[in-house]
Amino acid sequence: MANDVHAVKEMVVQAGREMLRNGLVVGTWGNISARVPGGFVITPSGKNYLELETGDLVLMDLEGQVLEGSKPSSEYHLHLQVYRARADIEAVIHTHSVYASAHAAARVRIPASIEDLAMVVGGAVEVAAYALPGTEELARNVVMSMSDRWAVLLANHGVVGGGRSVREAMLVCQMVEKSAHINLMARSLGQPFELDREDAEQMRRNYLASYGESQIV
Ligand SMILES: [Zn+2]
């Protein structure tokens, strides 16, 4: 079990570097967490991702208490509430990527008009009502608007993506960013056509059947 926890921590650290490298955040913004026995590990507050090590991660329980480490990300409420609400989510990533944030700024949802978005998110990416960053109110709004999907936009702020692994949560955040970019371009050509809800749900089922947890992890 100890090795598993270490492997999860390594994935979180690697994802931090990837998030920066892929331009999903700048500086120390954004945060990453993953479930471990007894709670979850989360990136610390204000630490440069290029210098982040597994020992810097903060272990929290599902009551929001710090069990190991010092100061968790200021957005820990958001991660905590997603884990409490969604037993199917094993990892959560919060980013400020540009095209998704443009939708968040305009408070415009990203429709399920692209098949791969439907596969990994399970439908459109809705916009959670505005609340100040780091608050429990923001966390509640995120859980409500995310519903049973795997990503949500935070009004005037950014994106939250969940996954069955850290790697899948990263895939979700990248897919939301790509779909936001496509939506913006499609709107310049006309009105994007949204997939039928039933078709989108079928694609999600197909994705789950084809890409089991083991293939993603
Ligand atoms: Zn943020």
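When a ligand or atom number is given, it counts from 1 through the structure's own listing order. Model, not experiment: these values are computed from the prediction.
Contacts classified as ring pair (Phe, Tyr, Trp, His ring centres under 6.0 Å) and involving residues 97-139 (residues at least two apart or in different chains) are given here: Y99-H181.
The two atoms that bring R197 and R149 nearest to each other are NH1-NH2, 3.3 Å, heavy atoms only.
Note on K178 versus D116: salt bridge recorded, some NZ/NE/NH1/NH2 to OD/OE distance being below 4.0 Å. We find that E126 and R109 are joined by a salt bridge, their nearest charged nitrogen and carboxylate oxygen being less than 4.0 Å apart.
Protein N/O/S atoms closer than 2.8 Å to the Zn ion (ligand 1), listed by chain and residue number, are H94 NE2, H96 NE2, H157 NE2.
Using a distance-only test at 3.5 Å, with no hydrogens or angles considered, no donor-acceptor pair links the side chain of R164 to the main chain of D88.
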L57 vs L52, side-chain contact (heavy atoms from CB on, under 4.5 Å): CA-CA, chis, key distance, verdict: CA-CA 8 Å; L57 299 180; L52 189 68; 4.3 Å; yes
